[in-house]
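Start at 1 and go down the list; that is how both ligands and their atoms are numbered.
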Amino acid sequence: MSGRVVVQKYGGTSVGDAERIKHVAERIVARVQAGDRLVVVVSAMGETTDELIALAQQMTDEPEARELDLLLSTGEIVSSTLLAMALKHAGQPAVALSGAQAGIGTDRRYGRARILSVDPKRIRQELDTGRVVIVAGFQGITEEEDTTTLGRGGSDTTAVALAAGLGAERAEIYTDVEGIYNADPRLVPEAQKFSEVSYEEMLELASYGAKVMHPRAVELGAVQGVPIYVASSFSEAPGTLIHGGPFMEQRNKVLAIAQDTDVARITIRGVPDRPGIAAHLFEPLGESGISVDTIVQNASVERLTDLTFTVSRSELNRALDIVKPVALEIEAPSVLADTHLAKVSIVGAGMTSTAGYAGRMFRTLFEAGINIELITTSEIRITCLIDEKQVREAVRALHKAFELEEG
Ligand code: ADP
Ligand code: ASP
Ligand code: MG
């Protein structure tokens, strides 16, 4: 069989019910008829992953990571097998493979495993027999043959890793919006779609809440030089190409707004201002794989200071279990946690003199009556922590203030 190899991925909404799976099958058949050889990664149907997590939590508050991953991996097994059946019913030879069967090797970090290797031997064999290969996304296997999952949204990463492993020209990500916009189109109706965006900017957007792409997928695309095309599975409208340049579009300095409501804040009060204390607090968090973001240490008053940082809400309890004994040990009187906050960020590689942009961002939030709880910046991003209830308002106000309605 000849023809170029194309790797596609369809997200949860796109395979949300039987009719949608049949629709995806039709799209695949059309591409095969156009002469391409297809490897198709799928997510679990609709809200399946959330439902499986909820089920596990009915058994125990803290399900063991190994069993939880094996359970969650079944969501993608369901959608991949159904899609293969739909294709065969339509007369298109196809085969469904689990992540393990597709040769996706990962480390042992359950729930957030990293892909270490891709062995596409089986996929190649199947392609050579003229089959469309359907791969269950979001999962892999360790050296010890335990099933792992790649973190929420991880099917994107499966697709990019396979595109790299197979030497495909690009990975095509089909979702429920028509591409990457300069704000979440569900929050901002005036959001503008990009025809192209850089890996660097997309990584920042994805890491700060634009869940249309899994951050690790963007990172992998950049490292492996795999362009990622994001488009709708429901229309033929042109999508967005994430790539390394050069770029043809004239654009705003502030590229886009992102928001993230998966934020929990931990504050440790009255931390003694001595060398080594921060290391003492953050090392055990790092060792247990909790990713800490937005760390702020206040100026000390009478050799005592407050330390504040954020983690994702699903990791709050684990983080507190680690932090509380350390706080006791260093005689910090209290540890506070809250989960009513959210991050809003402005992102753009052109924001070289951040000060002016920061001022405009803070004024915009102030004029919208929004209090800023914390501020962090990177070279291409400014992030404010605000009340979760004001996220929509904040994103819309910033979208307007930075003139993003005009694209
Ligand atoms: P899938 O199930 O296809 O993986 P996701 O729900 O993970 O889809 O991601 C698509 C969603 O990402 C969209 O429905 C949209 O609400 C959201 N989103 C957030 N920010 C952006 C953005 N800047 N551009 C496009 N979509 C965005
Ligand atoms: N089904 C998984 C999730 O909901 C992976 C994915 O959709 O990419 O996070
Ligand atoms: Mg997704």
With sequence neighbours excluded, what pairs up with [X] under the ring pair (Phe, Tyr, Trp, His ring centres under 6.0 Å) test?
{"X": "Y110", "value": "none"}
{"X": "Y229", "value": "none"}
{"X": "F309", "value": "F282"}

Exercise. Is any N or O atom of G153, backbone or side chain, closer than 3.5 Å to an N or O atom of ligand 2?
Worked result: yes
For this session: Examine ligand 2 and decide if any of its atoms is less than 4.0 Å from a heavy atom belonging to G12.
Result: no
Exercise. Is G154 in contact with ligand 2, taking contact as a heavy-atom separation below 4.0 Å?
Worked result: yes
Exercise. Quick one: which of E76, H214, R152 has a heavy atom closest to atom 1 (N) of ligand 2?
Worked result: E76
Using only atom types and a distance under 3.5 Å, with no angle test, would you say the side chain of [X] pairs donor to acceptor with the backbone of [Y]?
{"X": "S14", "Y": "Y10", "result": "no"}
{"X": "S207", "Y": "P215", "result": "no"}
{"X": "S235", "Y": "S232", "result": "no"}

Exercise. Can you name the one residue among T142, D146, T148, D69 that meets side chain to side chain donor-acceptor pair (under 3.5 Å) with T106?
Worked result: T148
Give one line per pair: atom of ligand 1, protein atom, distance. Only N/O to N/O under 3.5 Å.
from, atom 1, to, atom 2, distance (Å)
ligand 1, 2 (O), G12, N, 3.0
ligand 1, 3 (O), T175, OG1, 2.6
ligand 1, 4 (O), K9, NZ, 3.0
ligand 1, 6 (O), K211, NZ, 3.3
ligand 1, 7 (O), K211, O, 3.4
ligand 1, 8 (O), T175, OG1, 3.1
ligand 1, 12 (O), V212, N, 3.4
ligand 1, 14 (O), D176, OD1, 2.9
ligand 1, 14 (O), R186, NE, 2.8
ligand 1, 14 (O), R186, NH2, 3.0
ligand 1, 16 (O), D184, OD1, 2.8
ligand 1, 16 (O), D184, OD2, 3.4
ligand 1, 16 (O), R186, NE, 3.2
ligand 1, 23 (N), Y181, O, 3.0
ligand 1, 24 (N), Y181, N, 3.0

For this session: Enumerate the atoms of ligand 2 whose separation from the nearest heavy atom of S43 is less than 4.0 angstrom.
Result: 6 (C), 7 (O), 8 (O)
Exercise. Around atom CD of E143, are there more than 12 heavy atoms of other residues, nucleotides or ligands at under 6.0 Å?
Worked result: no
